[in-house]
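Reviewing the structure listed below.
A note on names: the letters A, B, ... follow the listed sequences, proteins ahead of strands, and every chain is numbered from 1. Below, each value reflects all heavy atoms present in this structure, side chains not excepted, and no hydrogens, waters or symmetry copies.
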Amino acid sequence: MAALVQAKLDAAMARLDGRPLPAGAKWARDAREGALSRLRAQGLPGRRDEYWKFTNPQTLVQPEAPQAAVFVNEEPPLFDGIDRLKVVFRDGVLDRVASDALALEHLEITTLAEATATDIHWARDLYGVLEERGQTPVDRPLAALNTALAEDGIVIRASGAAPKPVSLIYLHESESSDAMLHHVIRVEKGAVLTILENGPAAARFTKVMEVDVADGGRFHHVRAQGRDHERRAATHLFARLGAESVFKSFTLTVNGMMTRNEQVVELTGDRATAHIAGAAVGDGEFHQDDTVFVTHDAQDCESRQVFKKVLRNGAAGVFQGKILVKPDAQRTDGYQISQALLLDDDSQFYAKPELEIYADDVQCSHGSTCGAIDEELLFYLRARGVPRSEAQDMLVLAFLAEAFDEIEDDRLTVALSERLTGWLARRRD
Amino acid sequence: MLEIKNLHVKLEEEDKQILKGVDLALEPGKVHAIMGPNGSGKSTLSYVLAGRDGYEVTEGSITLGGEDILEMEPEERAAAGLFLAFQYPVEIPGVGNMTFLRTALNAQRKARGEAEMSSADFLKLIREKAKELEIDADMLKRPVNVGFSGGEKKRNEILQMAVLEPRMCVLDETDSGLDVDAMKLVANGVNALRDAGRSFLVITHYQRLLNHIEPDVVHIMSEGRIIKTGGPELALEVEEHGYADLKAEVA
């Protein structure tokens, strides 16, 4: 046991490799020091950790990022026709020339480097703070590592309804880039903000996004993780929700040898709503892990987790989802579903759905299924003239529909479904 | 139109012979009915015609318009003009009724080398056909058969038939689960499609459907064979005396 713990600590030290913490204002250095001590206490994830039972963290924790070829995408950029404020990161570094000016009505936008150099009180109150809250009851060492070392990211405060989405575009150009980004977002009372994310980001990408939604605020998050096949990603989203606020997050994962998406959401104000959804499609050497932890700590809140995975040619999908209902969180309405469609006998789905409930007046349901294409449905479609491969794609899209339904904006739904349709069509027999 | 010769079919999974030499010839423009007790092989015949997996043809042939269909995939048979109205139409959550029908229609047209139908033309076509079957806009928008009543599902089958315009229609117990009004609606839908170039094979337990869809020829099936063929009066005979008498008479 001691040897295992030592190995995790050694891994943390090797990954830090004597790197100095980034310079900045005292509060920022303190936050980074705090994260560093969390990391030093936890060590990096190891194969024997319960929380990493289904996903081997090796490539995410090893000191050097494994090489990842850059995928040349010939389709037009995602979200192309949608009016948005573009913020471009190239291998994890903000590209000001490629980005739009960081200004938008009702928003204060700055970079992490700038925010941590000065004293922006609302950023100070969040940076590493939500991440630290999310470390209990489960360790998330890669998030602590990120808080300690990340130098770039976007820092946004919305004070009203943003007129258009802020679109974070992650370009991957170097085959050995090891990128870290840390975003901090505060949605003030009654404000509305949509964040889009897309692109592979780097050969290895370690990301944290902290989102604080004040009472009555609305936050929408729609993300498409880049198609570069060999890229590795460990992402974390920590959210804290005030009374009557709304949080909606949808992630599409297509390709990727290693993706671990952790989402930690705390409902701290009454009548808050959190919807977290994901659709993943993998072919071959694909490993994708959704790890979700929703805590109900207020009354009359609603949460939904909807995760769907389509796997073929030996692809693997993981879902670890938990709903924790604290003693005072009466009249909680919690829902969780995780489903996998396995298109062959080689693919695998690992699911660990969990409920932990301490309040007595709650309604919580969870379900998890894993199955093949329904031959009855396939025959029905074919008997009407739809060729087998096309019929199978129709059923795949139908299977994913419940997750896609969680996207608020139809234009985004269309943009993402088109990508998916193309991906499926290229794989027809 | 449709010619079935000495058709022998067994289940793939087990050594069980279901059809033991079925012969049937259906001319263009005609309506043939197949009646028979449970387990006589009626539904198996409809599935074998449509190309469902799980059955093995051990002997005999099926041709549609002179073309051997046994080697064709189900979608190829559909494009060749064969349509099976299912006894139990399946529910397909997540696939819109309209999207499904339009995809099916255009896939068939594409397979036949015809141009795809535009959205506008398709909308016009489906609205017209849906109206005749009293299918409202809401049903068209919903996922295929999801939440439909038994009658609605059967009407939806006939709607698909009306839109796809097959030349050979096989109706597998389309009357099962229908009340009298629903049965009339379905029968009217079928009758509206009757013309000189289209044939129907109506499979049913009961004579009552044949009051509404009048057949030219009636076949009685039992234990995997057609044991008697006659005119519409044969259906009435079955209604009166049941199948037992007929079986005894043939034996």
Work out which heavy atom in [X] is nearest to a heavy atom in [Y]; give both atom names and the distance.
X      : Y      : answer
B:A78  : A:A383 : CB-O, 3.4 Å
A:A401 : B:G94  : CB-CA, 4.5 Å
B:A107 : A:V386 : CB-CA, 4.2 Å

Near [X] [atom1], under 6.0 Å, is it more than 12 heavy atoms from other residues, nucleotides or ligands?
X      : atom1 : answer
A:K352 : NZ    : yes
B:R127 : CZ    : no
B:F122 : CZ    : yes
B:Y88  : OH    : no
A:E285 : CD    : no
A:R218 : CZ    : no
A:D345 : CG    : no
A:D80  : CG    : yes

Which region of [X], side chain (C-beta onward) or backbone (N, CA, C, O), has a non-hydrogen atom less than 4.5 Å from a non-hydrogen atom of chain A, or is it both or neither?
X      : value
B:A111 : neither
B:P166 : neither
B:E91  : backbone

**Request:** Using a 4.5 Å cut-off on heavy atoms from C-beta on, say whether the side chain of B:V144 contacts that of A:L381.
**Result:** no
**Asked** Do B:R52's NZ or CZ and the ring of A:Y380 fall within the cation-pi criteria of under 6.0 Å and 45°?
**Response** no
**Prompt:** Below 4.0 angstrom, N of the basic side chain to O of the carboxylate: do A:R388 and B:E73 qualify?
**Reply:**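 Between B:E73 and A:R388 there is no salt bridge, as every charged N stays at least 4.0 Å from the carboxylate O atoms.
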**From CA spacing to verdict: side-chain contact (heavy atoms from CB on, under 4.5 Å), B:I92, A:L395** = CA-CA 8 Å; B:I92 315 181; A:L395 295 176; 3.7 Å; yes
**Message:** Is A:E390 in contact with chain B via its backbone, its side chain, both, or neither, using a 4.5 Å heavy-atom distance?
**Reply:** side chain
**Message:** Looking at A:R384 and B:L84, would you say the former's side chain and the latter's main chain have a donor-acceptor pair under 3.5 Å?
**Reply:**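 Yes; judged by distance alone, with no hydrogens or angles, the pair exists.
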